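Working notes, beginning with the structure itself.
Along the sequence shown, residues carry numbers from 1. Keep in mind it's a predicted model, so treat the numbers as computed, not measured.
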Amino acid sequence: MRSMLSRTVSTALLLTATALAPTLAAAQTPLGVFAPQTATMDLNTAWFTTVVEEKFNVDLNFETTGYDSSAAAEKRQILLASGDYPEVFMLINWVDQFSQAELIRYSQQGLIIPLNDLIDQHAPNIKAAFEKEPALLKLATAPDGNIYGLPQWNDCFHCSYSAKYWINTEWLEKLGLKMPTTTAELKEVLLAFKNNDPNGNGRADEIPLSANTVDTLIPYLMNSFVYDPRANSYPMMLALNGSTVQFQAVQDGWRDGLAYLADLYKEGLIDPGAFTQNREAFQALGNNAEAVIIGSATAQHPGLFVTIGQDDGRDRDYDPVPPLTGPEGISYTSFNLASMPGAAFVITNKANEEQQIAAIKIVDYMFTMEGHASAEYGKEGEQWLRPVEGDIALDPNYPPLYNHLPPDPNAPPKNMAWNAMGQYFSDKEWRGGQVQPTEIYEPSGYERRLFEATLLYEGKYPEDQLFPYWNTWTDPTTADELAQLQTNLHNYVTQSNAEFVTGQRDINDDAAWAAYLADIESLGLARYLEIYQAAYDATAN
């Protein structure tokens with residue numbers, strides 16, 4: 001009888017457990033997420049996805065796009081327009097994200113919700129980050145005081161000063177030349193590179209100075225004549241004159257800078273392809289198999305024009321040139337906030353309260369050290385390590401925080417992390433606390449090489465002229481107009497400046513310069529400045 005009773009109890013427990021199984025499974029909160037992934041990733045099955053699902057009792061369902069910016073933006077906008085969009089968008093700022101104007105517009109439409117209360121009640125790590133880095137809170141806060149989305153905060157030191165200039169110091173040494181400090185000295189160095197066969201192959205195949213359409217030629221050198229805030233992905237040509245917003249490409253100093261560049265080009269010192277070639281063609285020059293032919297180049301880092309770690313060591317020969325002093329004593333550098341305005345994370349009106357709380361808790365976890373490292377790199381012990389005695393941090397102002405282990409290039413990629421999608425709070429402590437070797441010319445010490453190079457540029461921008469576009473929220477009703485004005489003005493300046501430098505237009509001809517200024521006015525410069533002036537006046541404080 002005891003045996004029969006035991007079997008009866010066991011059967012009842014089994015039936016109870018079976019009946020509860022669907023209930024337990026249903027208790028997992030479903031959460032749809034639109035996000036980008038690479039061809040070697042599967043966000044739905046990635047290791048970090050399983051960590052998040054278990055930790056927060058959620059069932060994540062990713063709808064994905066690629067890392068191609070235009071395609072990603074198009075897919076996101078089509079999805080939003082269709083009305084059939086998920087509860088969460090979790091993006092990467094340099095792929096595609098919500099602009100400030102989109103945040104305002106979609107919030108007014110009720111499509112995305114403010115995050116203030118969710119952060120206050122359920123996100124202690126985000127709140128701590130706001131206290132630690134007030135600039136992040138300012139970047140995230142719309143003029144009405146609401147936080148409609150979270151930007152990815154990236155305190156990338158070398159990214160903030162991306163208009164750098166690299167010169168072949170082996171050539172300098174071979175020719176008995178010193179590092180140039182002025183625009184006049186640079187011309188003499190470039191002439192020597194052109195005429196004195198520094199690569200020693202007996203042919204006049206040297207390219208004294210090169211660039212490409214992304215790592216543009218003008219900003220670094222223009223900063224010896226007038227402040228030019230542009231740098232690769234930051235096309236803004238605005239600066240402050242007191243409290244007045246002005247367009248730098250029409251200032252007198254801009255013409256002086258173009259005249260200097262035109263003189264270099266006329267002397268054959270600038271690569272004719274500098275204004276037309278892409279990054280692939282640019283790097284092909286640096287990797288030229290027959291001989292080293294690039295004497296100097298404008299680029300955020302040398303890896304953009306020469307492959308790092310080559311057997312012949314040519315990539316070790318390029319060192320940064322500090323800002324040059326122009327004839328009027330000007331010696332500026334471009335500066336841009338490395339964090340982009342807008343939002344990579346938003347919660348839509350499709351999310352119920354339970355989903356909203358789950359979503360903000362997931363992002364809050366990525367504001368912790370462990371959550372960040374796991375989201376960006378993968379599993380502790382396999383993709384990253386905690387520091388040990390003897391480890392040296394990138395920035396001496398911070399203690400070692402983590403050691404990222406680079407993947408084996410000969411092994412197939414592992415589907416572990418969310419990669420750049422996990423970079424929500426890369427502050428100075430995070431960026432500076434990464435463990436780095438001290439040998440800067442080894443590939444493993446490349447980040448330190450860029451850090452030390454940037455020290456030559458740090459703080460050399462004119463603070464009183466810096467236009468903080470990242471904190472300048474424009475009226476969303478002007479977004480389309482503003483985008484068109486900016487595109488037209490920047491495209492025209494880019495094309496015209498190239499024509500002035502290459503001699504297609506004569507920079508020394510007053511009539512040609514007057515026509516250039518008139519064309520810029522006809523493209524709506526006054527209206528462009530009016531929109532940004534109003535935005536700056538409204539958000540300056």
Side-chain angles (χ1 to χ4, degrees), residues 16-38 41-66 72 75-92 95-98 103 106-107 109-126 147-150 152 343-368 370-372 374-376 378 415-422 424:
T16 302
T18 303
L20 284 174
T23 304
L24 292 173
Q28 217 177 24
T29 302
L31 193 65
V33 182
F34 181 83
Q37 66 179 18
T38 67
M41 294 170 66
D42 182 350
L43 289 172
N44 280 302
T45 60
W47 170 80
F48 186 68
T49 300
T50 64
V51 169
V52 167
E53 289 180 329
E54 182 177 342
K55 189 175 183 67
F56 298 103
N57 197 32
V58 294
D59 179 18
L60 297 179
N61 179 28
F62 285 96
E63 182 172 354
T64 61
T65 184
K75 185 170 182 179
R76 175 174 64 87
Q77 289 159 2
I78 290 173
L79 192 64
L80 289 165
S82 73
D84 185 20
Y85 46 84
E87 291 82 18
V88 171
F89 283 78
M90 198 173 287
L91 310 173
I92 298 171
V95 175
D96 171 53
Q97 67 170 8
F98 289 83
L103 292 175
Y106 289 135
S107 68
Q109 295 172 0
L111 191 151
I112 61 175
I113 66 169
L115 306 178
N116 304 54
D117 290 343
L118 285 169
I119 292 171
D120 189 53
Q121 297 169 22
H122 304 287
N125 298 300
I126 297 175
I147 298 171
Y148 294 113
L150 289 174
Q152 288 185 314
F345 170 81
V346 304
I347 299 177
T348 74
N349 58 359
K350 303 285 188 179
N352 60 34
E353 183 179 1
E354 187 179 16
Q355 290 170 321
Q356 293 172 21
I357 293 172
I360 202 69
K361 284 184 174 181
I362 290 169
V363 177
D364 187 66
Y365 177 55
M366 289 189 281
F367 274 72
T368 68
E370 178 186 275
H372 185 164
S374 300
E376 184 174 353
N415 189 36
M416 299 294 291
W418 289 359
N419 299 348
M421 204 169 75
Y424 278 97

What closest approach, in Å, do [X] and [Y] show between heavy atoms, and which atom pair accounts for it?
X	Y	answer
H122	K361	O-CG, 3.9 Å
A72	G66	CB-O, 3.8 Å
A417	S374	CB-O, 3.8 Å
M90	P36	O-CD, 3.4 Å
I147	N116	N-OD1, 2.8 Å

Within the distance-only criterion (no hydrogens, no angle test), does the side chain of [X] pair as donor or acceptor with the backbone N or O of [Y] below 3.5 angstrom?
X	Y	answer
T348	P86	yes
N415	D42	yes
E376	N419	no
K55	I362	no

Heavy-atom side-chain contact between [X] and [Y] under 4.5 Å:
X	Y	value
Q355	P30	yes
T65	F34	yes
D59	E53	yes
Y85	L111	yes
I126	I360	yes
I357	L118	yes
R76	L91	yes
V33	E87	no

**Study point:** For F89, the option from F98, Y148, F62, F345 that meets ring-ring contact (aromatic ring centres under 6.0 Å, His included)
**Key:**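 Testing F89 for a ring-ring contact (aromatic ring centres under 6.0 Å, His included) against F98, Y148, F62, F345 leaves exactly one candidate, F98.
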Taking atom [atom1] of [X] and atom [atom2] of [Y], what is their separation to the nearest 0.5 Å?
X	Y	atom1	atom2	answer
L43	L60	CG	CG	9.5 Å
K350	L31	NZ	CG	14.0 Å
Q37	E63	CD	CD	11.0 Å
N349	I113	CG	CD1	8.5 Å
S107	L103	OG	CG	7.5 Å
Q356	L115	CD	CG	9.0 Å

Check your understanding: Can you tell me if W418 and T49 form a side-chain donor-acceptor pair at under 3.5 Å?
Key -> yes
Point to revise | Modelled atom types, side-chain donor and acceptor of D364 and Y424, under 3.5 Å | key: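 There is no such pair (donor and acceptor under 3.5 Å, judged by atom type) between the side chains of D364 and Y424.
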Review point. If you draw a 6.0 Å radius around CD in Q109, do more than 12 non-hydrogen atoms from other residues or ligands fall strictly inside?
Key: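 Counting other residues, nucleotides and ligands, CD of Q109 exceeds 12 neighbours.
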